Amino acid sequence: MTTELRRLRNYIDGAFRDAADGRTTEVVNPATGEPYATAPLSGAADVDAAMAAAEAAFPAWRDLVPGERQKALLKIADAFEARAEELIAAESENTGKPIGLTRDEEIPPMIDQIRFFAGAARMLEGRSAGEYMEGLTSIIRREPVGVCAQVAPWNYPMMMAVWKFAPALAAGNTVVIKPSDTTPASTVLIAEIIGGVLAELGHPQGVFNVICGDRETGRLMVEHSVPAMASITGSVRAGKQVAESASKDVKRVHLELGGKAPVVVFEDTDIPKAVEDISVAGFFNAGQDCTAATRVLVHESIHDEFVSALAKAAAETKTGAPDDEDVLYGPLNNANQLAQVTGFIDRLPAHAKVEAGGHRVGDKGFFYAPTVVSGLKQDDEIIQNEVFGPVITVQTFSEEAQAISYANGVEYALASSVWTKDHARAMRMSKALDFGCVWINTHIPLVAEMPHGGFKKSGYGKDLSAYGFEDYTRIKHVMTSLG
């Protein structure tokens with residue numbers, strides 16, 4: 001007996017549509033390894049249609065008074081809240097994430113973030129007028145940039161969609177967003193929710209559009225003549241490709257790419273508390289998080305005690321099916337990602353030691369055991385490159401300067417943390433660490449009011465906060481003669 005696959009569709013100008021040429025891809029549930037849906041494999045005609053809809057809707061959306069955009073976003077947040085269980089179900093099938101954790105850890109911040117940007121919509125202001133040349137008054141206007149082409153990743157498909165559309169819409173832009181080809185279901189549901197709110201309020205449906213497809217679909221979006229801005233959360237490779245494509249017509253680019261977060265643990269750290277927090281921050285979402293606490297640097301004087309405790313914590317951490325309430329994380333997202341994580345462990349150098357895990361769990365789905373690897377050196381592959389899996393590596397250092405050198409000695413610069421009771425040391429480290437975020441005695445909390453974004457190959461531009469809002473605006477100088 002075969003089960004008919006669910007049919008996901010693009011959302012363009014208020015209507016659900018198949019790809020113009022009828023092409024589809026299968027969507028696999030990573031907890032089972034089996035397909036459960038098909039999604040459009042969109043081509044140039046579909047991208048053209050979505051961009052045309054967004055372009056046509058832009059003037060009316062841009063010209064709304066900010067309070068009207070705020071009202072729309074608040075209604076969208078309310079609709080997310082009312083349909084939370086549908087969103088959770090779609091996301092869990094998308095990703096294999098535990099249902100309980102998705103309900104507790106993703107839905108509340110998503111709704112809060114939409115409401116935050118609803119408030120930010122009314123802060124779209126320039127500077128006060130002033131005279132900087134005799135007889136002339138200058139005014140600064142802050143305006144939306146236009147149509148935004150946005151590409152979301154598969155690790156947090158639902159939340160990353162929010163991070164993209166909420167500031168863009170709040171600022172007065174219109175959106176064409178593409179989810180990952182492995183996780184389109186929750187974004188298609190989001191389109192239904194947002195479309196209903198736009199229709200209820202009488203706004204153009206083309207304000208928000210969803211295109212499903214693969215890497216080539218994303219390239220067509222970024223290279224299209226209509227968008228004024230391209231925004232992507234993804235790998236460094238994908239970010240480079242987007243930047244290159246966008247450069248052909250000098251589009252604005254917003255990139256949130258990979259990470260390799262150092263977790264610097266000094267000898268005065270409360271070891272049990274640090275191990276508990278770091279293991280959760282490293283294994284949460286199967287380590288598929290650009291900010292995950294997966295690269296620990298621990299002072300040599302507490303190394304053995306710390307590693308022993310961390311390995312014990314890993315052994316006690318569970319992965320399993322989405323409906324199992326006793327698991328911290330679910331499967332890796334896809335077969336390719338399972339192969340990538342497995343490859344890192346298979347290629348470990350002889351001096352490395354697997355303290356816990358290091359193997360696949362079961363033969364159904366893409367589950368991988370919580371893993372701790374010690375004995376590593378700064379130039380090892382697994383230290384320099386992003387694993388994006390439930391693998392925590394451990395290095396040692398002898399003094400503060402060496403910890404800084406090791407921490408900064410990678411190409412990524414998104415997030416980091418410092419664990420110490422010494423306030424002055426924590427402040428020195430927060431200055432010296434070349435990362436977009438430094439947590440002290442914690443790792444991974446995010447709030448809507450504070451920016452998220454990195455340096456170096458982790459990209460540029462900020463998500464969340466007023467800084468993220470401003471990324472979706474442009475500055476215009478208006479000068480008038482008083483004569």
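Side chains included, hydrogens not; waters and symmetry mates left out as well; all remaining heavy atoms used. Being a predicted model, the structure only gives us computed values, none of them experimental. Sequential numbering from 1 along the given sequence is applied to the chain's residues.
Side chain of Gln337 to main chain of Phe388: a donor-acceptor pair is present (N/O by atom type, distance under 3.5 Å, no hydrogens or angles). Between the side chain of Asn209 and the main chain of Asp13, a donor-acceptor pair closer than 3.5 Å is present. Between the side chain of Asp434 and the backbone N or O of Ala413 there is no donor-acceptor pair closer than 3.5 Å. Counting only distance, with no hydrogens or angles, the side chain of Lys164 and the backbone of Val175 share no donor-acceptor pair below 3.5 Å. No donor-acceptor distance shorter than 3.5 angstrom exists from the side chain of Arg142 to the backbone of Met123, with no hydrogens or angles considered. Side chain of Gln384 to backbone of Gly409: a donor-acceptor contact under 3.5 angstrom is found. Thr319 contributes a side-chain N or O that, together with a main-chain N or O of Gly330, makes up a donor-acceptor pair within less than 3.5 Å. Side-chain atoms of Asp181 never come within 3.5 Å of backbone atoms of Asp214 as a donor-acceptor pair (strictly under, hydrogens ignored). Checking side-chain atoms of Gln340 against main-chain N and O of Val387 turns up a donor-acceptor pair under 3.5 Å. Distance alone, capped at 3.5 Å, is enough to place a donor-acceptor pair between the Ser245 side chain and the Gln241 backbone.
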Steps toward side-chain contact (heavy atoms from CB on, under 4.5 Å) verdict (Gln288, Tyr329)
CA-CA 10 Å; Gln288 297 171 128; Tyr329 67 88; over 6 Å; no
Show your working on side-chain contact (heavy atoms from CB on, under 4.5 Å) between Asn10 and Ser42 and close with a plain yes or no.
CA-CA 8 Å; Asn10 291 331; Ser42 300; 2.8 Å; yes
Evaluate His443 against Trp419 for side-chain contact (heavy atoms from CB on, under 4.5 Å), listing each step before the verdict.
CA-CA 9 Å; His443 192 110; Trp419 300 76; 4.0 Å; yes
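Taking the six-membered ring wherever Trp is involved, the centroid distance between the rings of Phe208 and Trp61 does not fall below 6.0 Å.
Salt-bridge annotation for Lys273 and Glu276: absent, with no side-chain N of the basic residue lying under 4.0 Å from a carboxylate O of the acidic one.
Of the listed residues (Glu411, Glu386, Glu256), just one forms a salt bridge (charged side-chain N to carboxylate O under 4.0 Å, His left out) with Lys457, and that residue is Glu411.
Sorted by first then second residue, the side-chain hydrogen bond (donor to acceptor under 3.5 Å, both in side chains) pairs that include residues 182-197, not counting sequence neighbours, are Arg83-Glu192, Glu91-Ser186, Asn94-Ser186, Ser180-Thr182, Thr182-Asn333.
The CH2 atom of Trp163 sits 9.5 Å away from the CZ atom of Phe117 when rounded to the nearest 0.5 Å.
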